[in-house]
Amino acid sequence: MFRRLPEPGTAPVPVVPVTVDGHPFLALAGDSVAAVLLMSGRLACRSAPVSGAPRGPFCLIGACFDCLVTIDGQPNRQACLVPVAPAMRIETGKGAR
Amino acid sequence: MNASYDVAVVGAGPAGLAAATVAARHALTTILFDEQAAPGGQMHRGLTASPPGRRAMLGNDYTRGDALIDACRQSGTTCVYDAAVWATRKGDDGSYDVGVAHGGSGARSVRFVKARALIIATGALERPFPIPGWTLPGVMTAGAAQVLLKSSGIVGEGRVVLAGSGPLLWLLASQYLDAGVTPAAMLDTTPRGRRWRVLPEAWGFLRSPYFGTGVALLRRVRRHVRQFANVTALAASGPARLESLQFDAGGTTHALPADLLLLHQGVVPDINLGSALGCAYEWNAAQACFQPIVDVWGGSTLPGVFFAGDGAGIAGAEAAEARGQLAALAVANALGRIDASARDGAAEKPRAALRRALRGRRLLDALYRPADAYRIPRGDTIVCRCEEVTARQIAGAVKDGACGPNQVKAFLRCGMGPCQGRMCGLTVTELVAQARNVSPSEAGYFRLRWPVRPITLGELASVGGSPEAERAVVRGPVR
């Protein structure tokens, strides 16, 4: 669904190992958690509280709150506003807010 | 971070950076807050860490933010990033208390900072685009695609479809072509016949800075991307994620398989902070949105509170920079640093820049005003994404006696979710106005209250509270 552009001539960006729902994933420094979700093939990251329908990142500017996930055990974080950090644990799929 | 400043600026986009720079240069102690980890706003997002190739690809409109960011850094402004301004309130002494939650992952400190004057430069949001299926994973905004491109060099893959109207949609298409991505289709929802109706505004546009680049950009995108014009009845479908699009164009109903749909129909001011503070807003009929009532300096209806940038009314990045400078000059005058004639003299340059930037604006407003059907949905289309409230339910609530958005909220929880009406507010206003046959101005908007950005109860309890107060509401260990 998404891919990273090759950026030749650029100094290598540090790789940041994280886990998404327990699966290891290599992010790049500077990525938001929302970018990690999308690059790992997860268009959906939670279920809507009323119908249970799947939802995923929508606006990426902190306005829509559709990218809420659990980060390092803290629920309801806006994935688009949080930069990745080494060993970060990202968990999707929670419906509650 | 000190306990008090002369000026607090909220938002580090072009307006906020320019405002802080001018304020600090007038020997005002200035603090600048932004929720992002780096300056630039959405316009210059990710600029400070952008590799050379990406900078070249995104061009001058993007990299001109370097100068703004450098000037602000050198001005003596205290720049605080990762800082969410969740409240502002007027203190007893006439100054303002700014509630800030500062810091990264999970360990934020929450405090109030005092400021004698406030410049709100919180920018714009993308206008809601409520169509059937807009909540499906795989449907995002064009702005979201720009954020991914600017901050991480990430682009959509597979069948990418752009839909809507407005300059940003064309810009994104062009940026995707530069990045080697050819969108599968572009669905233009600009209503038929609009081009003829906007002719009276064309003279201003021909003299505007947008004209030359705009025409070339349109031609290039039209040549490379499959186009559908006058698109009506757009809907996205797929049970668990986007699979296809349906729409009417050229007298036929089309079905198009798609992996990613990027929606856009213009931007509108982000009004949550100023409205919660108590500044008065008015309906802008040409742009179909609310904007703060401001004077020629950006001064609001509250003393000492100024607006700059798209949050003061949509006008684009160059206008934002000029309006940031003007607001700061007015603050410098109000706080006694310069007299009125010095203020007016210094304002000549930004005023000229503002006039230049606003040329052609009326044509863009008239040409790209979204069609009624895409602003005022019907039937089972979800309006409030958080609480999953439909257009039909809202019309029903009005029939049952809800006379404005606040009553609709009480009836249906519409606008009560975590986004605090950012994704539905304007739609609800226009739905109520239509159902009651009154103006959007009379229908009004949600009563907004702080916290305008989310903070936890534990964070709230930590503001000047005792450890016991904090322990009473915090799950797990208290810091």
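In what follows, chains carry the letters A, B, and so on, assigned in the order in which the sequence lines appear, proteins first and then strands, with residues in each chain numbered from 1. Not measured: the values here are computed from a predicted model.
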Check whether any side-chain N or O of [X] sits under 3.5 Å from a backbone N or O of [Y] as a donor-acceptor pair, and report yes or no.
X: B:Gln42; Y: A:Ile61; answer: no
X: A:Arg55; Y: B:Arg385; answer: yes
X: B:Arg453; Y: A:Gly62; answer: yes

Closest heavy-atom pair and its distance - [X], [Y]:
X: A:Leu5; Y: B:Ala179; answer: CD2-O, 3.4 Å
X: B:Met140; Y: A:Pro57; answer: CG-O, 3.4 Å
X: B:Pro137; Y: A:Pro54; answer: CD-O, 3.3 Å
X: A:Leu60; Y: B:Ala144; answer: CD1-O, 3.4 Å

Chain A interface, residue from B:Ser151, B:Gly158, B:Ala37, B:Gly138 that has the most non-hydrogen pairs under 4.5 Å: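 The residue among B:Ser151, B:Gly158, B:Ala37, B:Gly138 with the greatest pair count is B:Gly138.
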Interface residue of largest heavy-atom contact number with chain A, from B:Arg241, B:Glu157, B:Glu126, under 4.5 Å: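 Most heavy-atom pairs under 4.5 Å with chain A: B:Glu157.
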Rounded distance (nearest 0.5 Å) linking atom [atom1] of [X] with atom [atom2] of [Y]:
X: B:Arg55; Y: A:Glu7; atom1: CZ; atom2: CD; value: 12.0 Å
X: B:Leu148; Y: A:Arg3; atom1: CG; atom2: CZ; value: 13.0 Å
X: B:Cys419; Y: A:Phe58; atom1: SG; atom2: CZ; value: 10.5 Å
X: B:Leu242; Y: A:Leu43; atom1: CG; atom2: CG; value: 8.5 Å
X: A:Asp31; Y: B:Ile154; atom1: CG; atom2: CD1; value: 5.0 Å
X: B:Leu260; Y: A:Leu38; atom1: CG; atom2: CG; value: 9.0 Å

Heavy-atom cut-off 4.5 Å, strictly under: side chain, backbone, both or neither for [X] against chain A?
X: B:Gln146; result: neither
X: B:Ala49; result: neither
X: B:Ala56; result: neither
X: B:Leu262; result: neither
X: B:Val155; result: both
X: B:Arg54; result: both
X: B:Arg159; result: neither

Set of salt bridge (Lys or Arg N to Asp or Glu O under 4.0 Å) partners for B:Arg422, sequence neighbours left out: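 With neighbours one apart ignored, the set is empty.
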Min side-chain heavy-atom separation B:Pro454-A:Gln78 under 4.5 Å: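 Yes. Closest side-chain heavy atoms under 4.5 Å.
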